[in-house]
Each structure stands twice: as C-alpha cells, then as structure tokens.
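Notes follow the structure.
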Amino acid sequence: MLEARSPLGTAAHFDLPGITLREAAGFTLTQLAGEEKALKKACGKLPAFGKADVQEAATSFRIAPSQVWVVGAAPGKLAGLHVTPLSSGRTRIALEGARARALLAACAAVDFALESFAPGQVAMTGFHHTPVLIHCTGEDTFHIYAMRSFAHSVWGWLVDAAQGL
Amino acid sequence: MTSFRRLSQGGRIDRGRPLNFTFNGGKRQGFAGDTLASALLAANDIVVGRSFKYHRPRGVMGAGLEEPNALFTTGKGGTEEPNAIGPALELRDGLAARSQNAWPSPRFDLMAVNSLASPLFASGFYYKTFIGPFQKSWMFYEPFIRRAAGLGKTSYAADDVRHETRNAFCDVLVVGAGPAGLAAALAAARSGVSVVLAEQDFELGGQLLSGADAALEAWRAETVAALQAAENVRLLPRAVVQGIYDGNHAIISVGGTALESLRARSIIYAAGAVERPLVFENNDRPGVMLASALRSLANRFALVPSQRAVLLTNNDSAYEAAFDLAAHGVAVTVADLRREISGALMSRAAGQGIVVFPESGIAEVIAKPDVRAVKLSGRHAVTIECDVLGMSGGWSPLVHLTAHGGIKPRYDEAIAAFVPGAFASGHFAAGACNGVFGSRAAIASGDAAARAALGHLGRAKLPAAATLPEGEDLAYAITPVWNATQGSKGKAFVDFQNDVTAKDVAQAHDEGYSNIEHLKRYTTLGMGTDQGKTSNINALAIMAGLRGVGIGDVGTTTFRPPFTPLTVGAIAGRSVGHHFRPTRRSPLHDWHQKNGATFIEAGLWKRAWYYDWAGKTPQEAYVKEMELVRHNVGLSDVSTLGKIDVQGRDAGEFLNRVYVNGFAKLPVGKARYGVMLNDDGLVLDDGTTSRISETQYYLTTTTAQAGEVMSWLEFLAQCHWPELDVHLASLTDEWGGMSLAGPKAREALALALPGVDLSNEGLPYMGVKDITFEGVPVRLLRLSFSGELGYEIHCPANYTEALWEHLLKAAAPLGIKPYGLESLASLRIEKGHVAGLELDHRNSLDDLGLGKMASATKPFVGDVLRQREDMMAPERWSLVGLELLEAGKTLRGGSILFAANDEIKGHGRGYITSVTWSVELQRFIALGLYQGGLKHEGEEIICAFPLKNEQVKARIVSPMFIDSKGTRLHA
Amino acid sequence: MRIPCPHCGERDVNEFRYGGDATKQRPAHGDKDFQTWNAYVFEFDNPKGPHEEFWQHTLGCRQWFRLKRNTATNQILGGGQ
C-alpha cells in the first residue's frame, strides 16, 4: 500500500505554558457544492454561516452560499451535488490552552474573545497572507484548517507568535 | 547659572528606590518615577546635546513628547535606538544614555564650527544647492553636512529585540489618561461597555501629575483605582496611539516592543495640549524651558531651580508654575507680555512674593551657555539674575489623531489655537485636545464625550453627569504674541529641533515661499522627529502676520502618522527573515531536500531547481538533465501547477466561453491545450484541460497565474453568468503532479503501473485515464511539455511522495532520475512551447503564433477586442525562434533585437524572451518577439545586450526547433 | 479599512481583492459590437464619493459581492449581496 504523508509530515508538536500545537492529521474532508435545496437534502440541515454543525459521524461548515465542507463521513446520498475530495489539500492544526485565544489574536484581526467566538463558532480569515478556517471546538480548543502548500509556513508563524505572547 | 535642587520630600518619585544609569559613560543616579530628563537635571547635566544645524548647546526644554532638544541614544549594538525623548523616557536601572550630534561631548563640541558658517545655513540652503548657479554645489557640501548635521545615528547590528503584533477590539478607545480621558473612561466603564484607555506616560493622570491641587489629586487617585478594578477596562500605560486609520482602526505602540492594531467602535480623543515656546533671541539657551516643564519638575519630580526663576508669558496658565515654584521657596519674577492682567492673579502673586512686570518681554538672554540672567524689555528694562527662564506662549491642542483621516483642524480665535475641525462618525474629543483648558473643565468635557459615545453605541441608558472636584481652574486669558523678537542680534528660534529661526520664516516669505506647504519644505520647519509639535503654530502665525492674513487662512500642513518616531522593526513585527512572506511547498519538498536538489523561488513556491546528480552548478546540471530526458527518461515535480475542478451541467459551456478554442465537445477521457484571453483581447493564461465526465473537467493553469485565473473564473461564474450551472474548486493543493518524459517514458510507467493499458490505443496522445493504484486514485494524462513522449501523473497530495518514490524505484533499471525546473523550462523552449516569459499579458494570440486556435464558430472572452486594428497590425512583434551563429558566445534573455543593418540604438525590433542551450542542436537557441515575425525566417539579425556591451549574430528560425512533425509525441 | 463580507462578517481589507466598478453591465456573451466592449473594458467613471464596486473575499469564502463605498473617505455605505 502507498504510504500516506500528512502536510506537516512527522508528528508536528509544540508546547509552551498555555499553548499546545499539534497536527491533527488523518481526517477526511469533502466539499459539496450545489443548490441550497440539494445541500439541505443531503446533509439533513444546512449549516449557518459562522456556525459548525457537529454530528457524531461528521462536522459540517458552510463555507459559501452553495458550498459545504464535511469533515468525517460524507453523506450517503449525493443527488444533485458536486463532490470534491479535499482530504490532502488541507492541514488541520489543533490548538489548545489558556493562551490559545491570545495566540489567535496575534495572528488575525478577528475578535477571538470567548463572548465573540464561542464553542461551535467558525471564522474564515487569513493568517500570514493565507486563508484559514478556524473552528472553536471548546472553550480553549480550536481546529485550524490551512492550505497544504502553506502548512509549514502557517505552523512556523504560529510557533513564532506563540513565543512572543 | 542654571541649576536645580531636589526637594527632600514631595513629588511622585520613590526616594526608597534609587536607580543607577549612565550618561555619556559617566555614572548617575535617579529614582523610580524619574524620567531620564529629570534625573539628568537633578544631576545638573544642563547641557545635554547640540542642535541639528548650528550645533548650539541645548538643554531640556519641555516636559513630555513635545521635547525638541533633549534627545538621546540608548542601548548598544542590537538594542541601540536613537532619538529617545528625554522627558518621556521612564528611568530604569542600567539605562545607558548618550547625547547626540556632539563630539567629543555636549559641553565641548568641536563640530560647533557650523555656527561660524551659519549665514550659509539659512532658509532654502539645501534647495539652492540643487538649482541655479550653485546647482552642483550640493555634491561639494554634502559630505561635510552629513558628518556635522544630524540627530541620532542608528546601529547596523541586527535588531536584538522581538517586536510583537496583536489585534484587539473594544467599544470605546480613550486616547490619553489626563483629566478628560480618565473622566471619559470612567463614565464609559460604568455603563458596562468595553473600554481601552491608552496613555503614553508610565503613570496615569496627564496634567494632573504635574499639579499641586489636593482635590484634583484625590480625584485622580480615586478614578485610577476604579478603572484598575473594572473588569471591562483595559489600561494601557506606556502606549502611544500612533495613528488612526479608516474603519476606526488605531495603531498603538505599547511599551516599545508591541504594536497593537485596535478596532474600536468609538474613539474619544483626550490627548491634551502642549505648551508653545515664545519666539525671542536666544530662546534656545540651556535653562530656557517651557513654564509647564518647570511646574512638572517641581510638583512631579521634586526638582526646583536653585535660586530664582523668571517666567515670560502671554496667558494666565504660566502663573500656576509661578505659584507652585514660589510655594517651594523659589524666588519668582513674571514678565507678562500683556497689558491687562487679572486683578485676582496679581493679588495672589503679590501674596506669594512674586514680582510681576506687565507689558514686558525679554530683551536679552545672558547665557554662558546656560542661563545666567535676563534683561527685560518694555517699560521695565531691568536685568534679573536667574537659574531658569520659563516661557509660555499658550497651549496647542494635540489635534493630530483627529486629522489623520484628512479632516483639517480649524482656528479658534478665542483661545488662539487650532482645534479639531470636525469628527468622523463615532469620534469625539474632550479636554485640552478639544480646546477646553483647565482640569475641572476637562473632567466635565471627558464625561460629556463619554455620554456622547455611549449614545452613538446605542446605549439607551446614559449615566448621570459626573460631580467635579472642589475648587476652580485658572482662566486662560491669552493675548497671542507670535513673535516677541526685539532686534537682529542673536537667533530667535521657531523650530528648535531643525534650527529654524524667525528670520528664516521671514526670508522664505521674502523669496515667495509663503504658502504653508512651501514654508515647511523650504525651511525644513516641522520636519524633525518632533514633527513641529512646539513650532508649527508659531511658524504659521508669524507667516500669517507677514502675509497680512488670518491664521486660519494660512492653515496647517497635513498631519500624518506616526505621532512619535516609530522604528521600522516595530512596524515589521514578526514579518522578518523567512517570515517576511509565506513559503509554499510541494508535497515532494522533503524528498527533493533529501535527494540533492537546490531550490529556487518561483513566486511563493520553493521548487527544485536542479539536482546534484547532474552537476554542481545550475549551468552544468540543466544540460545533463535535458540530455537525460531527450535520450532516456526523467521525472519532474509539477505539483505547483494550478488545478481547478470544474463541475456542473454547464461546465462545458463555461469553458467554451473562457477558452479561445472549443471544450464543450471535448470527449470524455481527452485533454486539450487551451488558451484564455482577458476581456481586452490579450492572452491571460494557458493550460491543459481534460474532460473527466459529462459534467466534470480538470482544468490546469500556469503556476504563476493560478490565483489570478481562479478569481477571474469565479468572477465570471458568480457575477456575470449566474445562470450557468457551474461550480469551481481549487485542487492545486489537493493533488500533486509529476511529469514523466523521454523516449523510455512508457517503459518506465509500465514498470511502475503493471496491468494498465498504456498502448497508443489504451492511452493515446492527449488522452486521460483515471485508475486506482494500491487504493489511491491516480490520474494519467498523456501530455508533453518537453516534446518527448510524456505523461503527467497526478494523485492526492498525501500520497504523491509515495507514488514518486515508487516510480523511481520501479523504473530504476532504465536509469530514471529526477529533473528540475531549469531543465523543465529549457526543454519546452527547444520544443517551442510558450510559457510565462512569453505570456506576459502584453501579447495577443497572433503574436504568439497561436492565432489558428481561435474558434470561428463560438464566441469567447476577448474575441471582440482582440480584433482591434492595432492588435491585428502586420508589423507587430511576434514569436520567432533564434539560433546563435557565433561559437563561444551566448544568447541572453532580454536582449534587444536589430536587423543586420540597423543602427544599434533604441528599442530595436524586438527582444529575446527565453534562452537555453539546445542539446539537440548543440548551440544556444532562444524564443523571442520580432517585428514581422516569421516573415523574416532565415534572416541574420543582431542580439544586443547593452548592460554587458555585447552584440551577437543570430538567425531567425521556426520556434519548433525539434521534431516539428511530432513523431515523438505520438510514439 | 474593514470590509463587511456578507457571509463571513467584517474583515480587514487585506483579506479581499478589489474588482472595480459594479455599475457597468457586462455585455451579453456573444455580443459582437466593438463599441460596446470598448466602453465596458476601457471607459469608466472615477467618482469622488459613493461608488458601487465589486470585492472578493479571497482569504475567506471566495465569494464576490457588491459594496457601496465612499472613495474619498473609505466609509462603507452599504453592501454585500
């Protein structure tokens, strides 16, 4: 079998008081595109902008009016939808810790305070000139999805910023 | 002579915490709570530097950021920073400070010879060395001036300090923690909104820190405590708001090591005001200071002049300094320029033993170099021995931030000052910043501004107005006197930092440079690191007088960020070194690194340039790699190509519209080379697009244009053709790709993918086949960029490295090796393919020899404007091939082309776009654009490269240097 | 400057790509008239004041939308659809 290599390669991990960064690799990401009706039918419900729909088998993000990202098992019935697998195209970085929000604030001009960015919320913005999707998975925990080719750059930027907090 | 004594009690210094520092290498001591300036004055370092042009000895003049003279260099090597402002620099243990622009020392400066040449350094000196009869003289003067004039020098060592950046959000930003700012922050905080209070000083209180009023101090302490306890308030001392930008965006430098980008929903400007000096001869002598500085030194730093102070004023505020100094036992004399002085003021002065001379100015400052005595002018021509001369020309609101958005301040006659002209929505001003002088009035003003801000934020319930501390503010009662010079003996300074005198302003007016913008640039007034904080208003008022117009008519110059000097390092933050730009990596990056590749930057990407198996230099290696591909088989990484997933019922129609050639009828399993034009008819990009199913295409673009093309296609699909059912997704990062090329390519692929039908029938030229290999989807495209038998192999990026390694291993018996970007690019030149160097958005399809691709049966983007007369002209520069005719020479990209008999001058008839050594023809070849193109096939021309003074002979040939029949492609 | 993306919310201007005047009607695909295309591609007003224009949120949802902005003050006057 051909061996898979994640975007950040061998176990990327970084620790500081209040910050832990690691690559949370090994996920399946599928982009579904189509009319709202078709998306709703396939996904059961259409996630609202800025809010993740978290189910047991999959988490969904509404990334554009006619596009949904599904992390995990893609829905079975895909009638009327255009499917694009993206599992290799993104790195997923898990960030957690008491200073995680301060790190995000050092990287992007979005209000990441708990009141404004609570568990379940999703923000699409840019880190260091590259697009990222940030999913708040808990009070102190986040998933950051960045483009594969930028993975090392984004990782390096986060690690560097963490050291300046 | 000027000297100060430290009081044994009082002030805001902590006598229990002495701090050691050095000045010009000499040991000094101060206290916690001192600034560098106060500590130096306490040590009687009165002369602390030399002025910019004339090298006149200078001392501390002001009490804060407005200070023009007392600038210092601190730190060493990687931490060295010039132009630190003495009265604003918090003293810390171990500080090493040096004076600037003086050698060997400020007291004895050899460079003061400039003073002798001073008539030459008048207005417009620099300007005049560039024009008229003296226009070459700048080159003569420049080396001397550069050595002698200047402020701090900066170190060439790498910056040792990390500069952080961060983003923040709040409801109300209050700029300045003086009485107005504190009141505003408190009122806002009490309503529950999020507040940020930024203050440049290390203590909160502004003017209140320099006062002696018990009720005001109690109010200050109480308010600060309340703000510290409030959870919704973020206090930022040591923070300078450097600029206000569109969208209520404030850039704040915090503590010298962080830059905060704060977005506020409303802003209250409470930045206060600075005192103006008065303009009279020798007003720059050490010991001549702002009256407010003397007051601050006395009340905040417990430093008073040893014997006597004389104060020169045109308004009531200087009397606060008089009263406070007298209360500490200093003998005080006031020379008041006004005729009418308030009776209450006079009797209070008399009660404290202060002598007041109305209608009096300064005739002479007797100094050696620091102040010894002053001689008054006017009705009482007395000479008074004194330690210091304080001056108050009035107060100038710090309107800078309110004007960053382009709203010019307006002149308020009543207070003889410029105040904010208007406010953007959500912006408010309070206190002295808004022309409201007096601490209690400022508190009321800040309180009101907060309520206005809360109203703007939509708060329904506003807090009640605050109660003011007991007592009364002094009146202001200014009678503006902009120019108090007496005669022509000695210099009367307007801009202390840039050494501009009243005479310079008059000279500029005489020579016609009387517009405020001309005055500034002709005299350099207001162009120093202090940006004219103590000089601008005096200067424009003097000019108004000379022109006989109102001050408001002269106006101010433009206020621009930053408010105080900011290092480039602070602005760069962490975008330094390899973090300056992001780097993009191919999924094969690590493999290239481990296997002898040298990388090159291609836009943001790092690509394998050449491999060390082929040679030690790029010139050597690319030729070896080309030979490998022409004679054997090689494997190259093409993962950086733009790849776009195009799906939908109308996918074919969409591609038909954007490409010049047809794609709607492309059979499933086939690929086609396509070219796209811009709306203006010029070539945008090229690529190979394959049909995967009835409703799905796989579109590729060049690496460089991938982002452009994606945005363009999205623009068309979303905004202009929403009726088409088409969905686009970028696959550039999802799929990796490799190019397998050479006469043995099929053999190599067969060894790697046994069981796949790779025959000419199974996978014909320009065919596309999707397979699965060991569970991984793999797309095979029989394409050739090199002109040899070739395949592109694409697969999801997670598996690209494994597949690449598998291919190399399986085909190893054939001698397969990797080849890099240099040879990839060279092979295509030999084949005559256009690429990025030819696709520079200036060329049409016909220019590139691709005119036949344009469909005659369907409209496409750019088809109308590509037929503009100019673009169809026969003498346009179009694509040709070139062969070098001279052995031992070389062709160079960018060479200008001339016909054999042309004079080698000017733009010529074309230029070379791409060059390579041809392994087939064993000579240098090139692609280029030439006037009339292949009409001149066979002709000998000249390629000129003026930068190296080279001219070589070449022949125009067809760009298809090899295999013009394409036999190899169809093998 | 902050730009309100209709899907992602307010973001800094550097997350966006500017797309020019949105008041011009793109000629129908297949329109063969030279003057029509010439006017559409090369002629446009450059108003000092309110301007309706296209923006794309390139670092976010990648959607194009219209925005009304005052070109002299950068005040956002209304947006997103």
Side-chain angles (χ1 to χ4, degrees), chain A residues 1-7 9-10 25-26 29 31-35 64-67 80-91 102-113 115-116 125-131 146-154 156-157 160-161 163-165, chain B residues 162-170 194 249 257-258 261 263 573-575 578-579 581-587 589-590 604-605 639-640 645-648 651 695-696 718 725-736 773-778 795-803 805-806:
Chain A
M1 290 298 281
L2 285 179
E3 206 184 295
R5 276 197 92 204
S6 72
T10 52
L29 173 62
Q31 178 171 299
L32 304 175
E35 285 180 31
S66 56
Q67 288 173 354
L81 291 181
H82 305 287
V83 182
T84 310
L86 285 179
S87 304
S88 286
R90 299 292 183 279
T91 178
L103 178 57
L104 293 174
C107 294
V110 172
D111 192 353
F112 288 115
E115 315 80 66
S116 315
T125 182
F127 274 5
H128 196 33
H129 311 288
T130 85
M147 288 167 68
R148 185 199 192 92
S149 60
F150 287 103
H152 283 86
S153 239
V154 170
W157 184 256
D160 181 83
Q163 292 173 73
L165 290 179
Chain B
R162 271 185 70 114
H163 297 276
E164 312 300 333
T165 51
R166 61 184 191 230
N167 298 284
F169 295 81
C170 71
S194 59
H249 183 186
T257 56
S261 245
R263 287 141 187 96
R574 295 306 298 158
S575 292
H578 69 274
H579 286 304
R581 289 185 308 178
T583 303
R584 295 182 80 168
R585 295 184 182 203
S586 143
H589 184 96
D590 288 347
L604 293 179
W605 293 95
S639 302
T640 64
D645 183 36
V646 184
Q647 295 193 40
T695 55
Q696 186 175 24
Q718 292 173 23
D725 176 51
V726 63
H727 298 267
L728 306 163
S730 167
L731 293 174
T732 305
D733 284 34
E734 173 65 17
W735 288 70
F773 179 69
E774 297 195 357
V776 174
V778 177
C795 77
N798 277 345
Y799 298 97
T800 305
E801 185 181 300
L803 185 60
E805 283 183 318
H806 167 73

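Sequence lines set the chain letters: A, B, ... in the order given, protein chains first and strands last, and positions in each chain run from 1.
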Candidate pair A/Met1 and B/Val776, rule side-chain contact (heavy atoms from CB on, under 4.5 Å), full reasoning: CA-CA 9 Å; A/Met1 290 298 281; B/Val776 174; over 6 Å; no
Distance-minimising heavy-atom pair for A/Ser88 and B/Pro796: OG-CB, 3.5 Å
Segment of A/Val83 engaging chain B (4.5 angstrom heavy-atom cut-off): backbone
Residue, of A/Pro7, A/Ala151, A/Gly34, that accumulates the most heavy atom pairs under 4.5 Å with chain B: A/Gly34
Interchain contact, A/Ala108 with chain B, by part (heavy-atom threshold 4.5 Å): backbone
Any donor-acceptor N/O pair, A/Glu3 side chain to B/Ala802 backbone, under 3.5 Å: no
Part of B/His727 within contact of chain A (heavy atom distance under 4.5 Å): side chain
Atom group of A/His152 that falls short of 4.5 Å from chain B, counting heavy atoms: side chain
Atom pair CG/CD of B/Asp725 and A/Glu35 - distance to nearest 0.5 Å: 7.0 Å
B/Ser261 portion near chain A, given a 4.5 angstrom heavy-atom threshold: neither
Segment of A/Gln67 engaging chain B (4.5 angstrom heavy-atom cut-off): side chain
Any donor-acceptor N/O pair, B/Glu774 side chain to A/Leu2 backbone, under 3.5 Å: yes
Heavy-atom pair count under 4.5 Å with chain B, highest-scoring of A/Ala161, A/Pro85, A/Ala113: A/Pro85
Pairs of heavy atoms under 4.5 Å with chain B: top-ranked of A/Ala106, A/Ala109, A/Gly156: A/Ala109
Beyond-backbone contact of B/Ser575 with A/Trp157, side-chain heavy atoms, under 4.5 angstrom: yes
Side-chain heavy-atom pair A/Leu86, B/Leu731 within 4.5 angstrom cut-off: yes
Largest heavy-atom contact set with chain A, pairs under 4.5 Å, which of B/Gln696, B/Arg585, B/His806: B/Arg585
Atom CZ of A/Phe112 with >12 non-hydrogen neighbours under 6.0 angstrom: yes
Under-4.0 Å salt bridge between B/Arg263 and A/Asp111: no
Atom pair CE/CD of A/Met147 and B/Glu734 - distance to nearest 0.5 Å: 11.0 Å
Largest heavy-atom contact set with chain A, pairs under 4.5 Å, which of B/Arg166, B/His578, B/His163, B/Glu801: B/Glu801
Backbone N/O of B/Arg581 and side chain of A/His129: donor-acceptor pair under 3.5 Å: no
Heavy-atom donor-acceptor pair, B/Asn798 side chain to A/Ala4 backbone, under 3.5 Å: no
Portion of B/Ser730 that has a non-hydrogen atom of chain A nearer than 4.5 angstrom: backbone
Proximal component of B/Arg162, with respect to chain A [non-hydrogen, under 4.5 Å]: side chain
Residue pair A/Thr84, B/Gln647: steps toward the side-chain contact (heavy atoms from CB on, under 4.5 Å) verdict: CA-CA 9 Å; A/Thr84 310; B/Gln647 295 193 40; 3.6 Å; yes
side-chain contact (heavy atoms from CB on, under 4.5 Å) evaluation trace for A/Phe150 with B/Thr583: CA-CA 6 Å; A/Phe150 287 103; B/Thr583 303; over 6 Å; no
Check: A/Ser149 side chain, B/Arg584 main-chain N or O, donor-acceptor pair, under 3.5 Å: no
Portion of B/Trp735 that has a non-hydrogen atom of chain A nearer than 4.5 angstrom: neither
